[in-house]
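I have placed the structure first, in the form of structure tokens, so that the comments after it can refer back to it.
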Amino acid sequence: MSDPLIKVSGLKKYFTVSTGELHAVDGLDFEISRGGTIGIVGESGCGKSTLGRLLAMLLKPTAGSILFEGTELTALKDKRQLKPMQQRIQMIFQDPFSSLNPRMTTFDTIIEPLKIHQVSHGAEREEKVYEIMNTVGLSERFVNSYPHELDGGRRQRIGIARALALNPDFIVCDEPVSALDVSIQAQILNLLKTLQQRFGYTYMFITHDLAVVKHISHEVLVMYLGEMVEKAHTEELFKNPRHPYTKALMSAIPVPSIHGKKERILLEGELTSPIDPKPACRFAPRCENASEQCRRQAPGITDLGDGHSVRCFLE
Amino acid sequence: MENDRDKLLDVQDLTVRFYTDDGVVHAVNGVSLSLAEGETLGLVGETGAGKTTTALAILGLVPSPPGKTESSATIFDRQDLRLLKESEYRKVRGNKISMIFQDPMTSLNPTMTVTEQIAEAIRNHRNITRQEAKVEAVKMLETVRIPADRAFEYPHQFSGGMKQRVVIAIALACNPKLLIADEPTTALDVTIQAQVLELMKELKNKLNTAIVMITHDLGIVSEICDKVAIMYAGEIVESGSLEQIYDNPRHPYTNGLFGSLPDIEKDVEFLSSIEGMMPDPADLPVGCKFHPRCKYARPVCSEQIPNNNEIEPGHFARCLIYEGKLPGQEVKKYV
């Protein structure tokens with residue numbers, strides 16, 4: 001991959017809970033190329049949101065490094081060092097109902113980051129708010145509205161506007177369309193794509209919806225219990241999934257068509273616990289191909305070439 | 001068309017309004033639907049389309065006041081539900097008609113073991129002893145593939161997918177003729193959703209239960225349903241068999257819904273989204289309720305209310321195009 005904007009290596013985040021250490025993110029290595037979109041896919045509890053928060057610098061990793069254009073994000077200490085980076089990395093949250101301050105109007109919400117980072121002044125700054133609202137397709141008549149007066153789609157547009165206000169390079173999108181109806185979801189996905197084409201943003205798109213990830217990402221990373229199980233270019237991954245979990249995920253999606261129904265791979269059981277995992281393949285308890293080796297030893301990552309890698313003994 | 005006597009459920013012209021301080025909310029506006037024994041109907045629509053209210057109205061659960069339910073017929077199993085007293089309705093609910101709610105986390109009682117909760121449903125409708133009901137309840141749990149050794153645990157000890165299976169077990173405990181499932185898998189992860197859907201398909205074939213599947217997911221409908229009704233702003237805008245709706249969607253809204261879905265098998269640069277937002281049910285547009293968002297709309301659409309036009313046998317669409325009012329306009333699939 002040429003010209004990566006972000007290079008993540010050995011990234012770990014453990015949380016201490018009463019019964020041990022919860023391995024939310026457990027040793028991830030990947031790069032994100034400039035102007036591209038990496039999709040992070042997985043089910044609840046696989047650590048994808050934690051990963052998003054680590055990259056947005058909202059959490060401090062337990063170990064590992066995040067290089068952003070050569071700057072080591074994990075080494076930044078005080079506000080003076082953090083602020084210029086925070087301006088370049090922004091986040092869009094899942095739930096537009098709880099991620100906006102109910103006591104702030106659209107205008108207040110969008111101008112706040114401009115004030116904090118002292119971008120432009122006075123009338124010019126206010127002009128900028130209208131400009132951003134226009135960019136995300138929010139009509140000016142909502143400038144003095146409070147979140148409760150707006151529906152989910154418009155609220156999510158405010159969430160996007162707030163992230164764009166500082167003209168960042170990298171945006172972490174944590175399930176930005178999961179709480180929205182399909183017709184509104186399509187509007188927001190189209191908007192995010194248009195913005196990327198216009199301004200060259202780099203996205204990390206976190207979702208559980210494979211159809212959405214296929215639509216928006218250039219590259220996809222599949223997570224299971226804190227680990228990467230498979231990573232490839234979007235087209236390659238959907239054409240040629242190699243990990244049993246990726247295959248099961250793909251066959252589990254109900255396709256809105258009545259022709260060519262595929263035989264479904266049904267996974268037994270549910271996610272096992274990410275607390276103090278044993279040295280074994282974490283997917284083995286649900287995998288129909290699991291052998292003795294899978295239960296005793298943790299598989300490493302196999303590089304299949306052309307950016308496709310998978311964590312499975314079968315490869 | 002099926003004979004009237006074969007119909008298990010026949011609802012005609014169902015209207016639900018809520019009289020609030022801020023005006024009248026038109027939640028359901030003249031919905032008609034019918035279902036034969038063992039048949040599965042998918043009721044599809046977005047938030048606020050009136051899907052859940054329709055289901056609650058069939059079950060007689062719309063709170064009154066402020067709600068007011070009217071219909072020209074609500075026949076279930078040759079019984080007119082409109083004439084039932086509350087005490088008689090209670091004998092139908094949970095017995096001949098059951099409902100599964102969306103969120104398994106909140107629809108179970110946290111202070112009772114799962115077996116007790118199933119046994120309670122059975123004892124409400126059948127005259128058997130506590131002990132017999134428990135035996136039945138454990139059998140029911142095994143039907144939904146929860147091992148008997150977990151039968152005396154509490155809901156918090158189960159995962160989301162297992163809780164939803166318990167809810168299904170409660171709903172099926174009295175062997176209902178009709179099951180209304182309100183977004184039964186929306187709160188679950190995809191691999192768990194697949195498990196629950198497979199289970200529902202299997203039970204539907206085994207028990208010959210008719211199902212009304214309320215969902216916003218056209219993928220789920222294609223898995224499990226025989227017939228489809230698409231709802232928008234309290235109306236059924238298009239209805240027909242699964243093949244008719246999926247191969248030949250004729251209402252602009254249905255078509256827009258299909259276009260809004262990212263397709264895992266096709267690559268498109270941009271999704272053909274539906275512009276605008278769902279209208280406020282307290283302030284619905286005049287004429288066709290979809291016209292402010294419809295790309296085929298002409299001035300006539302804001303003046304005339306479209307009929308439910310039969311465009312091929314059993315396939316209905318509520319659009320003026322099929323009344324010859326929009327010359328030259330034709331709804332083509334996914335454009």
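Keep in mind that what you see is a predicted model, and the values were worked out from it rather than measured. A note on names: the letters A, B, ... follow the listed sequences, proteins ahead of strands, and every chain is numbered from 1.
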Neighbour count >12 (heavy atoms, 6.0 Å) for atom CG, A/Asp306: no

Residue, of A/Gln185, A/Arg154, A/Glu235, A/His208, that accumulates the most heavy atom pairs under 4.5 Å with chain B: A/Arg154

The single option from B/Leu271, B/Ile274, B/Asn255 that satisfies side-chain contact (heavy atoms from CB on, under 4.5 Å) with B/Ser260 is B/Ile274

If we only count heavy atoms from C-beta on, is the A/Arg286 to A/Pro244 side-chain gap below 4.5 Å? no

So which part of B/Leu261 gets closer than 4.5 Å to some heavy atom of chain A, the side chain, the backbone, both or neither? side chain

Any idea which heavy atoms bring B/Ala233 and B/Asn29 closest together, and the distance? O-ND2, 3.1 Å

Report the option among B/Ile224, B/Ile220, B/Val221 that has the most heavy-atom pairs separated by less than 4.5 Å from atoms of chain A. B/Ile220

Heavy-atom distances under 4.5 Å only: say whether A/Leu210 touches chain B with side chain, backbone, both or neither. both

Below 4.5 Å, heavy atoms only, C-beta onward: do B/Leu199 and B/Arg165 meet side chain to side chain? yes

Check whether A/Leu267 gets within reach of chain B through its side chain, its backbone, both or neither, counting any heavy atom under 4.5 Å. both

Ranking B/Leu197, B/Leu257, B/Leu242, B/Thr191 by heavy-atom pairs under 4.5 Å to chain A gives rank one to B/Thr191

Is the count of non-hydrogen atoms from other residues, nucleotides or ligands lying under 6.0 Å from B/Glu269 atom CD greater than 12? yes

With B/Arg150 as the cation and B/Phe158 as the aromatic partner, state whether NZ or CZ is under 6.0 Å from the six-membered ring centre and within 45° of the axis. yes

Select, from B/Val190, B/Thr47, B/Leu218, the one with the greatest count of heavy-atom pairs under 4.5 Å involving chain A. B/Thr47

Does any heavy atom of chain A fall under 4.5 Å from the side chain of B/Val268, the backbone, both, or neither of them? both

Quick check: closest heavy atoms across A/Asp276 and A/Gly20, and the distance to 0.1 Å? OD2-CA, 3.4 Å

Could you tell me which portion of A/Asn190 (side chain, backbone, both or neither) has an atom closer than 4.5 angstrom to a non-hydrogen atom of chain B? both

Heavy-atom cut-off 4.5 Å, strictly under: side chain, backbone, both or neither for A/Gln187 against chain B? both

So which residue, A/Thr194, A/Leu180, A/Ile253, ends up with the most heavy-atom pairs under 4.5 Å with chain B? A/Thr194

Chain A contact via B/Glu46 - side chain, backbone, both or neither, heavy atoms under 4.5 Å: both

